[in-house]
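Worth knowing before you read on, the calculation uses all heavy atoms, side chains too, and leaves out hydrogens, waters and symmetry mates. These numbers were taken from a predicted model, which means no experiment stands behind them.
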Amino acid sequence: MIPALAAAHLLGSLGTLLLLGGVFARRVLTAGHPAPRPSALGLVLLALWAALEVGWTLARLGFLTPGDTLAYVTGAGPGRAVLTGVLGGGLLLAAERRGWAAPLLLPPAALLLWGVAGVGHGAAHGPGLRALTALHAGAMGVWLGGVLALLTHPAPTPAQARRFTPVALACVGVLAASGAVLTLAHAGSPLALRESGYGRILLLKLGLFAAGLLAAGLVRRAFAGRGHLRAALSLEAGLLLGVLAVTAALGTTAPPPG
C-alpha cells in the first residue's frame, strides 16, 4: 500500500459520494436535502484527488513541467481517467444546480464514474471490468449517500425509509455481484485470500461490508420504533465510510501474482 496514493483514492471516493449520493438524495429520497453545498465540496475533493494522482505519478517519473502534466492528462490512460472524472463531476454539479431533468443527469454521472474507475487497478483492465468497477463505485455512492441524507435530515420519516429500501437493496445486489467478479479478476480464488496482503485487506473490506448490512437491519428496526434511529444510522454510515477507506488502501496494494 502507498499511503499518499491511498489518501488520494479516498478523496476521490468521498468526492464521488458527495456529488452522486447528494444528487440522488435530493432528487429521490429526502426532497431537497442535503443542500447543494456538500456537492460543491465533492467537486473540490475530486479536484484534490486529481492533483494528488497526477502529481504523485509525474513526480515519481521525474516529469514536473506544465507540458508534462498536459501530456499526461491528455495522452496517458490514467491521466485521461482523472480528467474525465473531474469533468463529469463538474458537469453533474452544474446540471443539478440548473435543475435539469433527472434523465439528463445520467450522462455526467456516468462520466464521473467512468473516470474514477480508470485509476488504480481499473487502469490495468479492459472496458468490461472498468465498467464493472464504475457500477461498484456508483452503487456504494448511492447507498452511502442515502444513509448520510437520512442521518443529517432534521426529521427522517418512515416514508423516506420505505422509498430508500428498494434502492439500498439494489445497491447491495450490485455491490455483491460486481465485487465477486472483481475479486476473481484481481485476487484469484477466494480460498487463497489469506495468503496475500491484498487478500487480507479485501477480507477486512468484506467484514466491514457485512457489518454494514447488519447495521442496516438495525436502522430498519429503529424506523419501526424498536431502537435509537440516529445511533443506528451513525453506525451504518461509519461502517460504510470504513469500507471506502479500506477500498482506497486496496486500490494501491498489488494483487497477488497471476
Between V119 and A81, the two heavy atoms sitting closest are CG1-CB, 4.2 Å
Tell me, do R230 and P156 make a side-chain contact under 4.5 Å, heavy atoms counted?
yes
Where do L175 and A139 come nearest, in terms of heavy atoms and distance?
CG-CB, 3.9 Å
Any side-chain to backbone donor/acceptor pair from R194 onto R200? Under 3.5 Å, distance only.
no
Beyond-backbone contact of L218 with L214, side-chain heavy atoms, under 4.5 angstrom:
no
Does the side chain of T165 pick up a donor-acceptor pair with the side chain of R220 at under 3.5 Å?
no
Residues Y72, E53; criterion side chain to side chain contact (heavy atoms under 4.5 Å, CB included); working and verdict
CA-CA 11 Å; Y72 180 71; E53 288 275 359; over 6 Å; no
Interatomic spacing from CG in L105 to CG in L19 - rounded to 0.5 Å:
11.5 Å
Connected via hydrophobic side-chain network under 4.5 Å: V167 and L233:
yes
Using side chain to side chain contact (heavy atoms under 4.5 Å, CB included), reason through L229 and L150 one step at a time and then give a plain yes or no.
CA-CA 10 Å; L229 180 58; L150 291 172; over 6 Å; no
Looking at side-chain heavy atoms only, is the closest gap between T247 and V243 below 4.5 Å?
yes
Donor-acceptor under 3.5 Å (S13 side chain, H9 main chain):
yes
Taking the side chain as every heavy atom from C-beta outward, state whether T65 and L58 have any pair of such atoms under 4.5 Å apart.
no
Determine, using the 4.5 Å side-chain heavy-atom cutoff (strictly less than), whether L111 and L104 are members of one ILVMFWY cluster.
no
Could you label the plane-to-plane angle of the H186 and Y198 rings as parallel, tilted or perpendicular, counting under 30° as parallel and over 60° as perpendicular?
perpendicular
When every non-hydrogen atom of A25 is compared with those of G145, the smallest separation belongs to CB-O, 4.3 Å
Same cluster or not: are V174 and L208 linked, directly or through other Ile, Leu, Val, Met, Phe, Trp or Tyr residues, by side-chain heavy atoms under 4.5 angstrom apart?
no
Roughly how far apart are L18 CG and R37 CZ, rounded to 0.5 Å?
13.5 Å
Passes side chain to side chain contact (heavy atoms under 4.5 Å, CB included), V73 versus V82? Steps please.
CA-CA 7 Å; V73 299; V82 168; 5.7 Å; no
Could you report the tightest heavy-atom contact between R97 and A40, atom names first, then the distance?
NH2-CB, 3.8 Å
Single-linkage hydrophobic cluster L43~F24, side-chain heavy atoms < 4.5 angstrom
yes
Mind checking whether L182 and V246 sit in one hydrophobic cluster, side chains of I, L, V, M, F, W, Y counted as touching below 4.5 Å?
no
Between CG on residue L46 and CG on residue L112, distance to nearest 0.5 Å:
6.0 Å
Measure across G22 and P34 and return the closest heavy-atom pair with its distance rounded to 0.1 Å.
O-CD, 4.3 Å
Looking only at non-hydrogen atoms, find the nearest pair between R27 and W100 and report the distance.
NH2-O, 2.6 Å
Just so I know, are the side chains of C171 and F164 near enough to count as touching, which here means a heavy-atom distance under 4.5 Å?
no
Side chains of T84 and L87, heavy atoms from C-beta outward: is any pair under 4.5 Å?
no
Between E96 and L93 (side chain of the first, backbone of the second, donor and acceptor by atom type, cut-off under 3.5 Å), is there such a pair?
no
Once rounded to the nearest 0.5 Å, what's the spacing between atom CG of L193 and atom CD1 of I201?
11.5 Å
Is there a donor-acceptor pair closer than 3.5 Å between any side-chain N or O of R163 and the backbone N or O of L29?
yes
Between T152 and H33, do the side chains contain an N or O donor and an N or O acceptor separated by less than 3.5 Å?
yes
Atom CG in L106, atom CG in L113: separation rounded to 0.5 Å?
10.5 Å
Begin from the C-alpha positions of W49 and L10 and carry the test side chain to side chain contact (heavy atoms under 4.5 Å, CB included) through to its verdict.
CA-CA 8 Å; W49 160 71; L10 181 58; over 6 Å; no
Just wondering, do L17 and L45 contact through their side chains at under 4.5 Å, heavy atoms?
no
Once you round to the nearest 0.5 Å, how far does CG of L202 lie from OG1 of T253?
10.5 Å
